[in-house]
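Everything below concerns the one structure shown next.
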Amino acid sequence: MKKGFILTLDVVLGTTITLIAIAASLFLVTRGSATSLGDHQLARIGSDMILVLDGQKAFDTFDHEYIETKIDQILPSHVDMLIRVEGNFTEGNGTIEVGGTLPYDKPVISSVRVGITDNYEYMKFTAFVWGRNE
Amino acid sequence: MSKGVLYTMTLSLLSVALLSIAVLFIQHSTAAESRHVELSFTQKIIDIDSSIQSSFAEAIRLRNTTHVVMTNKSMTIYERLPTNYNTLDNILEDLETSIDSDISIVNVSTHIYNSTTIYNQTHAVILQPLNITYEHLSDSNVRIKQNSAVTGYNITFRTTGSISGCSQSITEGTISFEMVALGGGANCTVVNPSVSTASISFSVSGSPVNITIDATGQIDIQSSATIQSEITTYFGEMHDIPYAEVPILIQITDPSFYFVKEGYVRVW
């Protein structure tokens, strides 16, 4: 076999392996940075939404439609969410859910907070947030 | 050296360099993933801790008969004596039970705040960062514990009852002291720019009211009469922003992150 052929084979093989390693690395870097920050942002949105709505005493009413209207007023357009409120209240046997339907094909990020109504009723809030289709 | 060997060596070096960069990328990616997990964990803890604190603070502010106003030189506590904490204690205990059963990493203890026998911080308000403690020894007895930062007291009592038998016994010292009791008829007034110890007493419609400052600067107020009290504690000017907390302990423990957080509830 000629030297030139072996050299070319060596170069092709080496370059291929290196490119595969770099491509894999770049994929991991992209996933590690972009996705994580996006997930964190969704968690923050969920937490902030509960905080604002609780501050406005929206949950004190236990009124599904009123809470939904409040959510629509302040929810950023690029995300959708579902808020679950649990407690010892009588409405919905102690559990009410307001917002969109949980998707099965997208990552959903959840946040948990607690609160009380002006009548001292305990509530546990869980916000599920996911990206909306563009 | 032949051209072929030179090419091979150059390409080998280039490959090694590129592979090194690839390894660095992978390490960076792993580190970023770890930071994301830590960031999410931190956010979760902040959400839980701040919302539990807010819930207790809201219950106390809504139901409590005690109100606190602070500046960087003074703390004023308004309340009606004798106090009645029964309803608030029940609300706080219910909240504690619900949170403890709902959130596994959290343990809330209201027993320090509610206790009337075990601890010395019953229904206390603690001004931080100076750690000046205003506590209720009983419904009719409040105390501001000895604290070297305290420079004086100003006390105002208001009552619709008639005040009588105003007496005082004072020794000179370094604590500024003013006390005014405003009744339906007569008043009882003590103004002294510097006391070391003091003992003041009067009656409101026959029920005794006693104020005592001991040699350490600790003040005790006892009133079985119904009065509105306004007790201002002065201290050296603070550069930190003052805040008041109550001794309801919130513990958050997560063994997977070797994380433990303990703190009282910040109310005002």
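Residue numbers begin at 1 in each chain, while the letters A, B, ... track the order of the sequences.
- Within a 6.0 Å sphere centred on NZ of B:Lys73, heavy atoms belonging to other residues, nucleotides or ligands number 12 at most.
- For A:Asn88, the part lying near chain B is the side chain, with the backbone staying farther off; criterion is any non-hydrogen pair under 4.5 Å.
- By the side chain to side chain contact (heavy atoms under 4.5 Å, CB included) test, A:Val112 pairs with A:Lys124, A:Thr126, sequence neighbours left out.
- Contact detail for B:Ser55 and A:Gly115: the closest heavy-atom pair is OG-CA, 3.2 Å.
- Residues meeting the side chain to side chain contact (heavy atoms under 4.5 Å, CB included) test with A:Ala43, sequence neighbours left out: A:Ile109, A:Ser111.
- Remark: B:Lys44 NZ to A:Ser47 OG distance equals 13.5 Å, nearest 0.5 Å.
- For a residue to count as touching a neighbouring chain, one of its non-hydrogen atoms must lie under 4.5 Å from one of that chain's; by this rule B:Ser50 touches chain A with backbone and side chain alike.
- Chosen from B:Ala59, B:Ser54, B:Ser40, B:Ser51, the residue pairing most often with chain A at heavy-atom distances under 4.5 Å is B:Ser51.
- Rounding to the nearest 0.5 angstrom, the gap separating the CG atom in B:Asp47 from the CG atom in A:Leu51 is 8.5 Å.
- Residue-environment remark: CG (A:Asn93) stays at or below the threshold of 12 foreign heavy atoms within 6.0 Å.
- Annotation: side chain of A:Val114 is not in contact with side chain of B:Asp102 (no heavy-atom distance under 4.5 Å).
- Residues satisfying the side chain to side chain contact (heavy atoms under 4.5 Å, CB included) criterion with B:Thr226, sequence neighbours excluded, are B:Arg80, B:Pro82.
- Nearest heavy atom pair, residue B:Glu58 against residue A:Ile116, reads OE2-O, 3.8 Å.
- Chain A is approached within less than 4.5 Å, heavy atom to heavy atom, by B:Ile91, B:Leu95, B:Ser98, B:Ile99 from residues 90-101 of chain B, ordered by number.
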